[in-house]
Amino acid sequence: MSQLDELYREVILDHYRNPRKRGSLKGPHVHAEGNNPSCGDEFALDVAVEDGLIIDAAMQGQGCSISQASGSMMMDAIVGKSIDEARDLTHKFKVMMTIVDGDSPVDPERPGAVLGDLEALQGVRRFPVRIKCADLAWTTLSEALDRATDGDR
Amino acid sequence: MSDLRSLRADFPILSREVNGHKLVYLDSAATTQKPVSVLDAMDRYYRNSNANVHRGAHTLSNEATEMYEGARVKVASFIGAQAAQTVFTRGTTTAINHIAYGWGLDHLGEGDRILVTIAEHHANLVPWQIIARHTGAELVYLELTDDYTVDTSDLEAVLDERVKVVAFSGMSNVTGALGPIDVLGKAARSVGALIVLDAAQLVPHSPVDVTEVDVDFMAFSAHKMLGPTGIGALWGKAERLEEMEPTEGGGEMINMVERQTSTWAPVPHKFEAGTPPIAEAVGFAAAVDYLTAVGMENIALHEQELTTYALERLSEIPDLKVYGPKDVTHRGGTVSFELADIHPHDIATILDQDGIAVRAGHHCARPLMKYLDVPATARASFYLYNVPEEVDLLVDSLMNARRIFGIA
Ligand SMILES: Cc1ncc(COP(=O)(O)O)c(C=O)c1O
């Protein structure tokens, strides 16, 4: 596969064209927004948290395939998880993408076993300027989760 | 096609490879590549004449001063101006900030209006927004016609004595549309407004003579016309520059400094506080020499031919939409476009794999993106060193982008 085909895996294009959980939440939720001013990617999300559990989430915004697919996959991945699990997932994702240091959580023998569809985003690492596109949703999520836990205190 | 092809050899960077392909540089609206003569001039300055200017009697300082002031004369005459009315700045952005702060703060007040167009670069919007906040003035926008040129049909509706400044670009860095210099100039004069021309994309691409266009201030950047980054010019009518306050204080810009107050050096030096970008001025002059030798008429013609060809070839690509005038006499060689549902950022990545450099994003013109109702655009921009084969490579690569995104 060429580097480009590696980058634009079918699953990524599918999430880009059919983002999961696009919209906004009606009930109580926290909201966070992020953007990359240099390229114009915008991402926002609503997260509904109950007893430390993410019971629902919805995303808004616009941007390139990588930023939107990353957000859409994130939506799939976090609903039903506890805040701690979502934070752990965020960390694993950032390590996989070489955004933060650490040993790769991905098992090359068993593709998809650890991070599911998100592992398809590994192709982005070859394109350093695009890593921040993949990161946007996760940074925005961290902000939302911080906000959700702030309210508890 | 007018043949400037042999000039390519003057630009060392054009022979490098990017991602295994020969570089196809289509991002000159962001910044241009530099010919050897510019690089050499700056190198020679540092090797032989480096010293601070206007400071002391030694030989090197004298040489550096002559080179710096000589550069001013060259840049001034390139736009038909006098050196005394040509201020070196850090670039277009700094030049417009000088005008906004130095002129705007003193001359604008509550209820006054600054007339701009929706196509402006942030450099010609944000300084005015800041001054508006300080003074109580407001920005009023002209919008665009169906052909992406500035719509002046409703000018009467927004034009009255409240308009104190009319600020607009000579050529849009997004749509490539030429600005209606004559119409807006006449309109501004009829209400006594100041005329500010953002010529960042105009001066590099066509002959401009300040004695032939009726504006009060004009700003442009060296790096968009084969020169180095870090320098540009602000030209102003003598009486306007006189009434404008300096926005930066320090060395070089003073006449006499007392404990509590100071007096300013004459224009243009009163706007050049601190050690100026001397090597950059030398490079700027070398760039102007280069452009003059090629001939601005020839460059304009070359770009018009290339743009005609590009628009024709791009129209062969299904689902491709150009955001800019179709009539090449209303535009320059900056072509913004959108391709199917492929985000511009993805287009830029795919093209880059073929060694093709284009810009993707909002091009420092977010209000325009909102107005066009697009998140961003991809932009290919041409200059004297581009050739039709590069347009062909662009088209091939865009077809590949369609394939990668699964568009038949
Ligand atoms: C139309 C226009 N105005 C202003 C600017 C700002 O120029 P600079 O960044 O050199 O100050 C640019 C460059 O991006 C431009 O294209």
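Below, chains carry the letters A, B, ... as their sequence lines are ordered, and counting in each starts from 1.
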Report summary line: Ranking A:Glu10, A:Glu42, A:Arg17, A:Gln68 by heavy-atom pairs under 4.5 Å to chain B gives rank one to A:Arg17

**Report entry** Portion of A:Asp41 that has a non-hydrogen atom of chain B nearer than 4.5 angstrom
**Finding:** side chain

Query raised in the report: Given a strict heavy-atom distance threshold of 4.5 Å, which part of A:Ile12 is in contact with chain B: side chain, backbone, both, or neither?
Result: neither

Roughly how far apart are [X] [atom1] and [Y] [atom2], rounded to 0.5 Å?
X	Y	atom1	atom2	answer
A:Cys64	B:Ile347	SG	CD1	11.5 Å
B:Gln353	A:Ser2	CD	OG	8.0 Å
A:Leu7	B:Ile404	CG	CD1	8.5 Å
B:Asp354	A:Leu4	CG	CG	7.5 Å

With a sphere of 6.0 Å drawn around [atom1] of [X], does it hold more than 12 non-hydrogen atoms of other residues, nucleotides or ligands?
X	atom1	value
B:Arg366	CZ	no
A:Arg126	CZ	no
B:Arg90	CZ	no
B:Asp146	CG	no

Query raised in the report: Using the ring of each side chain (for Trp, its six-membered ring), is A:Tyr8 parallel, tilted or perpendicular to B:Phe405, with breaks at 30° and 60°?
Result: tilted

Report summary line: Assert top hit (heavy-atom pairs under 4.5 Å, partner chain A, pool B:His363, B:Arg359, B:Arg403, B:Met369) equals B:Arg403

Query raised in the report: Considering only heavy atoms from C-beta outward, does the side chain of B:Val374 approach that of A:Gln62 to under 4.5 Å?
Result: no

Report task. Using heavy atoms and a sub-4.5 Å threshold, report which of residues 100-122 of chain A line up against chain B, by residue number. Result -> none

**Report entry** Non-hydrogen atoms of A:Cys133 and B:His345 that approach each other most closely
**Finding:** SG-CE1, 3.4 Å

